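Lettering of chains follows the sequences in order, A, B, ..., and the numbering in each one begins at 1. Predicted, not measured: the structure shown is a model, and the values here were computed from it.
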2 protein chains.
Amino acid sequence: MAVRLDDLDRKILLELQRDGGQSLDDIAKSVGSSKTPVWNRIRKMRDGGVIKHQTYLLDAEALGFEACFFVLIRTSEHDAGWQGRFLNALKSRPEVLEAHRLAGDIDYILKVVVANARAYDTFYQALISEVKVHNVTALLSMEEIKSTTVLPMEVG
Amino acid sequence: MAVRLDDLDRKILLELQRDGGQSLDDIAKSVGSSKTPVWNRIRKMRDGGVIKHQTYLLDAEALGFEACFFVLIRTSEHDAGWQGRFLNALKSRPEVLEAHRLAGDIDYILKVVVANARAYDTFYQALISEVKVHNVTALLSMEEIKSTTVLPMEVG
DNA sequence: AGTGAAAAATATTAATC
DNA sequence: GATTAATATTTTTCACT
């Protein structure tokens with residue numbers, strides 16, 4: 001791990017996460033520094049891979065994505081060929097916003113965002129026809145209570 | 001919902017999500033338009049709530065957050081008082097990046113990001129001492145296969 | 001490593017078609 | 001509503017401490 005961060009770095013990261021549209025001047029003021037050091041630190045953290053990228057977060061419902069499912073998957077197949085095909089299937093499908101390989105008796109969890117339950121079923125049928133899975137449980141979100149991308153960093 | 005989007009709007013949103021650091025000129029070029037209309041549309045979508053906010057996504061592991069848990073919660077209590085306290089507990093804890101109320105026999109799912117398993121246990125003990133829950137299952141992520149905030153929009 | 005000023009690039013507004 | 005031009009802001013570099 002090459003990049004070492006101090007408290008000022010963490011304050012800057014917190015500001016960038018909180019509002020990525022601020023000017024350097026605003027960030028410098030918030031963190032008690034000035035423009036150039038803030039800029040140098042941001043560049044350092046970007047080059048070092050601490051900052052992955054910059055994006056705009058949209059309102060899924062306003063765009064017609066009314067259904068969010070968490071999908072729990074158990075599989076009996078664990079060979080490399082199956083796993084490769086499964087991973088490719090997940091990566092190629094834009095409805096899959098997140099996918100994790102798990103410890104324990106559930107093997108994978110997915111977060112799938114689609115227009116409605118019918119669209120989920122289409123996704124599901126396509127997935128299981130492409131790769132064999134032993135058991136699938138879909139959990140339907142009724143309400144998004146909280147959603148943030150801000151990591152729980154501690155600053156002095 | 002007041003905001004009606006056409007194909008150019010969706011192309012712009014896709015670019016903003018893909019790389020939120022591009023200049024208006026670059027976006028205009030990508031979507032086949034010019035600066036001013038792109039800017040007007042972005043403002044309209046921001047004012048209309050389609051664009052929620054702008055942020056920087058960080059590398060959790062580089063910052064020392066090595067553990068990600070999905071937490072499945074069943075509860076026997078469903079009265080308003082309990083629910084209010086539970087929601088406040090989730091919203092006030094920065095380790096909880098996502099929380100959804102579910103349909104079906106599992107009532108809630110959380111995404112919790114912490115430094116390590118010990119930090120998760122601390123979080124868990126604090127949570128259950130604050131609000132009573134019937135059953136908790138923690139799924140530990142071994143590997144993040146995919147992670148994106150880009151919604152699966154279709155453009156012409 | 002931080003400060004302040006200068007230069008370059010970009011965002012924002014306005015005028016024009 | 002799009003295009004181009006004008007202005008204001010902001011980013012980026014640089015010289016100095």
Side-chain angles (χ1 to χ4, degrees), chain A residues 1-59 62-64 148-151 153-156, chain B residues 1-59 62-64 148-151 153-156:
Chain A
M1 193 66 53
V3 189
R4 190 142 212 81
L5 303 176
D6 63 14
D7 216 62
L8 182 53
D9 289 322
R10 281 187 290 272
K11 281 183 187 168
I12 293 168
L13 290 177
L14 215 47
E15 284 301 317
L16 292 176
Q17 291 183 97
R18 209 179 49 71
D19 177 2
Q22 294 175 90
S23 71
L24 281 177
D25 272 323
D26 290 339
I27 296 170
K29 202 181 298 175
S30 309
V31 303
S33 182
S34 55
K35 237 161 38 169
T36 307
V38 170
W39 191 83
N40 285 327
R41 283 157 182 269
I42 290 174
R43 185 171 60 175
K44 183 192 67 187
M45 293 191 283
R46 193 188 294 278
D47 294 347
V50 173
I51 295 173
K52 285 199 295 191
H53 85 149
Q54 199 176 341
T55 192
Y56 284 65
L57 300 180
L58 311 183
D59 184 325
L63 289 159
T148 182
T149 57
V150 178
L151 295 171
M153 288 186 300
E154 295 181 19
V155 293
Chain B
M1 191 58 55
V3 189
R4 189 145 212 79
L5 303 177
D6 64 13
D7 215 63
L8 182 54
D9 288 322
R10 279 187 291 273
K11 281 182 188 166
I12 294 167
L13 290 177
L14 215 47
E15 283 302 318
L16 292 176
Q17 291 183 97
R18 209 179 50 71
D19 177 2
Q22 294 175 92
S23 70
L24 281 177
D25 274 324
D26 290 339
I27 296 169
K29 202 180 297 172
S30 310
V31 304
S33 182
S34 57
K35 228 158 53 164
T36 308
V38 170
W39 191 82
N40 285 328
R41 283 157 181 269
I42 290 174
R43 185 170 59 176
K44 181 192 68 187
M45 293 191 283
R46 193 189 294 279
D47 294 347
V50 173
I51 294 172
K52 286 200 293 190
H53 87 146
Q54 198 176 341
T55 191
Y56 283 67
L57 299 180
L58 310 183
D59 184 325
L63 289 160
T148 180
T149 56
V150 179
L151 295 171
M153 291 186 298
E154 294 182 19
V155 293

Measuring from [X]:[atom1] to [Y]:[atom2], what's the distance to the nearest 0.5 Å?
{"X": "B/Gln22", "Y": "B/Ser30", "atom1": "CD", "atom2": "OG", "value": "5.0 Å"}
{"X": "A/Thr55", "Y": "B/Asp19", "atom1": "OG1", "atom2": "CG", "value": "8.0 Å"}
{"X": "A/Asp7", "Y": "A/Met153", "atom1": "CG", "atom2": "CE", "value": "10.0 Å"}
{"X": "A/Leu16", "Y": "A/Arg41", "atom1": "CG", "atom2": "CZ", "value": "12.5 Å"}
{"X": "A/Leu14", "Y": "A/Ile27", "atom1": "CG", "atom2": "CD1", "value": "11.5 Å"}
{"X": "B/Gln54", "Y": "A/Tyr56", "atom1": "CD", "atom2": "OH", "value": "3.5 Å"}

In whole angstrom, what separates [X]'s [atom1] from [N]'s [atom2]?
{"X": "B/Gln54", "N": "D/dT10", "atom1": "CD", "atom2": "C1'", "value": "13 Å"}
{"X": "B/Arg43", "N": "C/dT13", "atom1": "CZ", "atom2": "C1'", "value": "9 Å"}
{"X": "A/Ile12", "N": "C/dA1", "atom1": "CD1", "atom2": "C1'", "value": "13 Å"}
{"X": "B/Asn40", "N": "C/dA15", "atom1": "CG", "atom2": "P", "value": "15 Å"}
{"X": "A/Lys44", "N": "D/dT13", "atom1": "NZ", "atom2": "P", "value": "17 Å"}
{"X": "A/Asp9", "N": "C/dG2", "atom1": "CG", "atom2": "C1'", "value": "14 Å"}
{"X": "B/Ile42", "N": "C/dA11", "atom1": "CD1", "atom2": "C1'", "value": "10 Å"}
{"X": "B/Gln22", "N": "C/dA9", "atom1": "CD", "atom2": "P", "value": "18 Å"}

key: A/Lys44, NZ: over 12 other non-hydrogen atoms inside 6.0 angstrom   =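 Check passes, neighbour count above 12.
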ask   = Considering only heavy atoms, which members of residues 23-31 of chain B lie under 4.0 Å from some atom of DNA chain D?
value =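 Nucleic-acid contacts, sorted: none.
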task = Could you check if a side-chain atom of B/Arg43 sits within less than 4.5 angstrom of a side-chain atom of B/Arg46, using non-hydrogen atoms only?
result =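 With C-beta onward as the side chain, the pair stays apart.
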What pairs of nitrogen or oxygen atoms, one from the protein and one from nucleotides 4-8 of chain D, lie under 3.5 Å apart?
| residue | atom | partner | partner atom | Å |
| --- | --- | --- | --- | --- |
| D/dT4 | O4 | B/Thr36 | OG1 | 2.9 |

query = B/Trp39 side chain N/O closer than 4.0 Å to the phosphate oxygens (OP1, OP2) of C/dA11?
reply =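 Negative; the distance criterion is not met.
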ask   = For the residue pair B/Asp9 and B/Asp6, what are the closest heavy atoms and their distance?
value = N-OD1, 2.9 Å
